[in-house]
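Side chains are part of it too, since the values below use all heavy atoms of this structure and drop only hydrogens, waters and symmetry mates.
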Amino acid sequence: MSRFAEVLARLAAVIEGRKGGDVSSSYTARLLADPSLAAKKLGEEAIGAVIAATQGDKAALAGESADLIYHWLVVLAAAGVSLDEVAARLEAREGTSGLDEKASRSK
């Protein structure tokens with residue numbers, strides 16, 4: 001398993017463990033209890049990553065990407081979507097041109 005995959009799995013497990021936690025002492029528990037807030041934060045972090053990428057700031061992009069991934073995992077957990085479900089969707093698209101895959105979604 002790659003280092004990224006290991007870190008991602010650990011972080012996802014920590015987030016799952018925060019479900020039902022004390023929202024006054026855990027930012028993650030607060031986000032999990034308010035999926036709309038979690039989604040808003042995900043969008044904000046995505047914008048931050050886009051800005052860093054367009055500015056060519058590698059350090060900022062790495063930091064914003066970490067924030068983005070964390071908030072993405074929280075949104076998935078709040079919605080009850082597992083990483084395995086996401087992986088299954090990615091696997092189903094393997095070997096398919098991105099253009100062909102996108103065109104198939106508009107049908």
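- Pairs engaging residues 8-23 under the side-chain hydrogen bond (donor to acceptor under 3.5 Å, both in side chains) rule: Glu16-Lys19, Asp22-Ser24, Asp22-Ser25 [sequence neighbours left out].
- When hydrophobic clusters are built by joining Ile, Leu, Val, Met, Phe, Trp and Tyr residues whose side-chain heavy atoms come closer than 4.5 Å, directly or via intermediates, Leu31 is not grouped with Val14.
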Can you give the donor-acceptor pairs under 3.5 Å from side chains of residues 46-57 to other protein atoms, not counting sequence neighbours?
from, atom 1, to, atom 2, distance (Å)
Thr54, OG1, Val50, O, 3.2
Thr54, OG1, Ile51, O, 2.9
Asp57, OD1, Ala59, N, 3.3
Asp57, OD1, Ala60, N, 3.0

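- Under the salt bridge (Lys or Arg N to Asp or Glu O under 4.0 Å) criterion, the residue pairs touching residues 35-49 are Lys40-Glu44, Lys41-Glu44, with sequence neighbours excluded.
- Residues meeting the side chain to side chain contact (heavy atoms under 4.5 Å, CB included) test with Ser36, sequence neighbours left out: Asp34.
- Residues in residues 70-85 take part in these side-chain hydrogen bond (donor to acceptor under 3.5 Å, both in side chains) pairs, two or more places apart or across chains: Tyr27-His71, Thr28-Tyr70, Ser82-Glu85.
- Residues passing the side chain to side chain donor-acceptor pair (under 3.5 Å) test with Ser26: none are found, sequence neighbours excluded.
- Qualifying side chain to side chain contact (heavy atoms under 4.5 Å, CB included) partners for Ala5, counting only residues two or more places apart in sequence or in other chains: Met1, Ser2.
- One hydrophobic cluster, built from ILVMFWY side chains closer than 4.5 Å, cannot hold both Ile69 and Val7; they sit in different ones.
- With respect to Val81, the side chain to side chain contact (heavy atoms under 4.5 Å, CB included) criterion is satisfied by exactly one of Leu76, Val75, Leu73: Leu76.
- Taken to the nearest 0.5 Å, the CG atom of Leu83 stands 10.0 Å off from the CG atom of Leu90.
- Ser65 meets the side chain to side chain contact (heavy atoms under 4.5 Å, CB included) test with Leu61; sequence neighbours excluded.
- Looking only at side-chain heavy atoms (C-beta outward), Leu32 and Val23 stay at 4.5 Å or farther from each other.
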